[in-house]
Structures are given as structure tokens and as C-alpha cells.
Amino acid sequence: MTNAAPVIKIRDLHKSYGSLEVLKGVDITAPAGHVVSLIGSSGSGKSTLLRCANLLEDSQQGDVIFCGEPVIWKGNGLNRHPGDHAQMIRIRTNLSMVFQQFNLWAHMTILQNVMEAPVTVLKRDKAEVEDAARKYLDKVGIGDKCDAYPAQLSGGQQQRAAIARALCMEPKALLFDEPTSALDPELEQEVVKVIKDLAAEGRTMIIVTHDMRLAADVSHHVVFLHQGKIEEEGAPDVLFNQPKTDRLRGFLSATVA
């Protein structure tokens with residue numbers, strides 16, 4: 001492994017649910033410090049690709065390579081799954097995922113939610129984790145909500161708590177699955193600001209998003225998926241301003257409208 005290796009590299013990835021092929025040979029590379037955005041219509045395979053990168057879903061063919069280290073597979077086709085459990089856990093804990101629904105524990109305070117995984121999964125010192133958790137909650141602008149419960153927070157505050165929880169794992173990359181689509185427009189902007197700040201810090205991120213402005217503002221590379229394949233990809237200024245395919249032109253005009 002070298003420092004030059006991308007944090008995430010996916011080659012020729014195929015994913016099926018039974019006879020339904022959702023990903024049909026997809027290549028994605030996320031170098032360290034880069035933001036890659038995945039755009040496309042609902043059902044194009046964006047979220048599935050993200051879950052395959054994080055090993056939450058098993059793929060049937062292709063390579064998933066984390067910091068130069070290929071995932072070890074066992075079995076073939078629909079029976080293929082990660083063959084090294086310790087490797088799977090290590091990779092998954094280094095790729096923190098932020099979901100569309102916030103997935104916070106309702107019976108825990110916001111501080112406890114952020115601390116839970118580093119303490120129980122990574123076995124880190126509780127006092128150190130608490131310091132880090134408070135720091136990350138401050139960073140996302142809700143340091144004053146440590147003792148509140150999720151139900152007492154707005155949707156935007158809950159999603160920012162979920163981002164703080166992801167950061168507290170000290171991951172190599174952050175994976176965002178439609179992080180703003182469950183939010184009202186004014187609350188969406190709170191979360192967009194946090195994501196923009198993280199991008200400005202040089203954090204490695206893959207973002208599945210319906211927000212074209214966010215993708216244009218923070219991405220180094222944008223991938224347009226259509227029916228499980230990459231239809232078009234490139235730098236955001238080129239992709240959004242000079243789309244080459246009719247499908248992307250149609251998608252962008254529908255999104256803007």
C-alpha cells in the first residue's frame with residue numbers, strides 16, 4: 001500500500017438482486033482528498049453503488065479496493081461475499097456512511113449517539129471519545145445539543161448529528177447517501193454548509209445527491225449513472241455546462257425545472 005493509492009477504487013462492479021441487474025460494470029475512483037458525486041434518476045444504481053463500496057451489499061463481480069488493498073471475496077455470483085471478516089469490519093469502519101434517514105438511537109442523547117460506535121466498535125477510551133464527540137458536534141454547529149434527544153431536534157440538526165457521528169469514527173472517507181433529500185429547503189442548507197466545509201478541509205467523500213448545485217460546488221468529479229451504467233462523467237464545470245449525451249441533457253433540464 002502506498003499513500004498514492006486511492007481511498008476507494010471500484011472496477012467493473014456488477015450487482016444483482018436475483019435476476020434484476022442493478023449495476024452493470026461500474027468503475028469509480030475516489031483519490032484521497034477528492035469529492036466524487038453520483039447523480040442520476042431514481043433507480044439508476046447510485047445508492048446501491050455506495051452500499052457496495054461500504055460492503056453493506058455484496059456485489060457479484062468486480063473489485064473493491066480500499067487504500068490499495070483489494071477486498072477478499074469468497075464464492076461466486078449471487079453467492080459471493082467478503083471472505084475475510086476482520087478485513088470487512090476494518091474497511092467498513094474506515095468508510096463512515098451518512099444515510100438519508102438519520103438512524104439516530106432515540107433512547108440516547110445526541111452526545112451518546114456520537115460516542116457509541118467509537119467506544120463499542122473501536123474500543124477507544126471513553127474520555128477521549130467524549131472530547132472528540134463534543135468537538136465534532138461543535139464543528140457541525142450543534143454543540144449546545146449534546147444532552148438533547150433526537151426527537152427534540154429538527155431534521156437538519158439530526159442530520160448534522162449523524163455527520164458528527166460519522167466524523168467521530170475518524171474515517172478515511174465519508175459516504176453520503178442523499179443526505180439532504182429528507183429535509184425542508186431551509187434545513188437542507190444547514191447540512192449543505194457542513195458538507196461544503198468538509199470538502200474545503202480536503203476530506204475524501206462520495207456523495208449520492210439530487211442537489212445539482214451541491215454536486216457542482218463541492219465535487220472534483222461527477223458521475224452520471226443511468227440504468228446501472230456510467231452514462232457520462234467528468235469535472236463538474238464540463239459535465240453540467242457541456243453535457244455530451246441526450247440522457248444527461250434531459251436529466252439536467254428536468255432537475256433544473
Exam field: side chain T209 to backbone E178, donor-acceptor pair closer than 3.5 Å = no

request  = Assess whether side chain to side chain contact (heavy atoms under 4.5 Å, CB included) is satisfied between R134 and C146, documenting all intermediate values.
outcome  = CA-CA 7 Å; R134 290 181 183 278; C146 284; 3.7 Å; yes

task = Show your working on side chain to side chain contact (heavy atoms under 4.5 Å, CB included) between H221 and I28 and close with a plain yes or no.
result = CA-CA 10 Å; H221 193 76; I28 297 279; over 6 Å; no

query = With side chains defined as the heavy atoms from C-beta onward, is the minimum distance between P179 and Q159 less than 4.5 Å?
reply = yes

task = For the pair K139 and L198, evaluate side chain to side chain contact (heavy atoms under 4.5 Å, CB included) and give the outcome as yes or no after the intermediate values.
result = CA-CA 10 Å; K139 184 186 192 68; L198 293 172; 3.9 Å; yes

inquiry  = Would you say NZ of K172 has more than 12 non-hydrogen atoms from neighbouring residues, nucleotides or ligands within 6.0 angstrom?
reply    = no

inquiry  = Is it the case that the side chain of R11 and the backbone of G62 share a donor-acceptor pair, with hydrogens and angles ignored and the cut-off at 3.5 Å?
reply    = no

ask   = For L104, does its backbone N or O pair with a side-chain atom of N113 as donor and acceptor, under 3.5 Å?
value = no

inquiry  = Quick one about H81 and N79 (side-chain donor to acceptor, distance below 3.5 Å, no hydrogens or angles considered), yes or no?
reply    = no

key: Passing candidate, side chain to side chain contact (heavy atoms under 4.5 Å, CB included) with V208, options L38, L175, V223   = L38

Gap between atom CZ of R90 and atom CG of D84 - 0.5 Å precision = 7.5 Å

Flag for D177-S47: side-chain donor and acceptor within less than 3.5 Å = yes

query = Would you say the side chain of D246 lies within less than 4.5 Å of the side chain of R249, judging by non-hydrogen atoms?
reply = yes

ask   = Does a donor on one side chain sit under 3.5 Å from an acceptor on the other, for T245 and E232?
value = yes

message = Keeping K74 on the side-chain end and R80 on the backbone end, is there a donor-acceptor pair under 3.5 Å?
response = no

request  = List for me each residue that meets ring-ring contact (aromatic ring centres under 6.0 Å, His included) alongside H107, sequence neighbours excluded, and say none if there are none.
outcome  = W105

Main-chain N/O of A166 paired to S96 side chain as donor or acceptor, under 3.5 Å = yes

Backbone N/O of S16 and side chain of Q60: donor-acceptor pair under 3.5 Å = yes

ask   = Can you tell me if R160 uses its side chain to pair, donor with acceptor, with the backbone of V191 under 3.5 Å?
value = no

task = Say whether, by atom type as modelled, one donor and one acceptor occur between the side chain of S219 and the main chain of A216 under 3.5 angstrom.
result = no

key: E128/R124 salt bridge by N-O under 4.0 Å criterion   = no

inquiry  = Which heavy atom of V114 sits nearest to which heavy atom of A164, and what is that distance?
reply    = CG1-O, 3.8 Å

task = Mind running side chain to side chain contact (heavy atoms under 4.5 Å, CB included) on I230 and F224 for me, showing each step along the way?
result = CA-CA 6 Å; I230 294 176; F224 171 55; over 6 Å; no

message = Can you tell whether the side chains of E233 and K244 come within less than 4.0 Å, N to carboxylate O?
response = no

ask   = Can you list the residues that meet the side chain to side chain donor-acceptor pair (under 3.5 Å) rule with D197, with sequence neighbours excluded?
value = K193

request  = Measure from the side-chain N and O atoms of K15 to the backbone N and O of Q61, and report whether any donor-acceptor pair falls under 3.5 Å.
outcome  = no

inquiry  = Quiz question: by atom type and distance under 3.5 Å, do the side chains of Q112 and Y149 form a donor-acceptor pair?
reply    = no

message = Please tell me whether Q157 and Q152 have a donor and an acceptor in their side chains that are separated by less than 3.5 angstrom.
response = no

query = Is there a donor-acceptor pair closer than 3.5 Å between any side-chain N or O of D125 and the backbone N or O of A127?
reply = yes

